[in-house]
Amino acid sequence: LVLFPLCLLPSLAPFAFASVLGLLGVGLLAAVMTLRFFDGSYVPGGSFYDVLAWKPVLFTTPDPDTTFQNVLRDVLVFACIVSNAFSAH
């Protein structure tokens, strides 16, 4: 309902400024994520590792008690995140 009147505009040029702001925001986010990856902030011993709510699996030892239900739960959570990202774009 909100987007339909915007689609009726003869030109989308008024949205150019907002589009540039969005691209700059995404670019800034990618730059900060890359910086955090390469400076080691989230690896064990890094400045943010102790405050992580979820520890990266790459930096931990495998759990021998992992069950199919745990793996299935993680796969379903991942599928929900991916479907949400797809629907948002």
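Values below: all heavy atoms of this structure, side chains included; hydrogens, waters and symmetry mates excluded. Just so it is clear, the model here is predicted, and its values are computed rather than measured.
Annotation: salt bridge (Lys or Arg N to Asp or Glu O under 4.0 Å) contacts involving residues 27-42, sequence neighbours excluded, comprise Arg36-Asp39. Residue pairs that meet the salt bridge (Lys or Arg N to Asp or Glu O under 4.0 Å) test with at least one member in residues 2-15, sequence neighbours left out, do not exist here.
For the atom pair CG (Leu29) and OG1 (Thr34), the distance works out to 9.0 Å, reported to the nearest 0.5 Å.
Heavy atoms only, all atoms of each residue included: Ser87 and Asn84 are closest at OG-O, 3.0 Å.
In the hydrophobic clustering of ILVMFWY residues, with side-chain heavy atoms under 4.5 Å counting as a link, Tyr42 and Val51 come out together.
For Phe15, the ring pair (Phe, Tyr, Trp, His ring centres under 6.0 Å) criterion is met by no residue, not counting sequence neighbours.
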Just do the side chain to side chain contact (heavy atoms under 4.5 Å, CB included) check on Leu6 and Leu3 with the steps written out, would you?
-> CA-CA 5 Å; Leu6 299 175; Leu3 294 178; 4.1 Å; yes
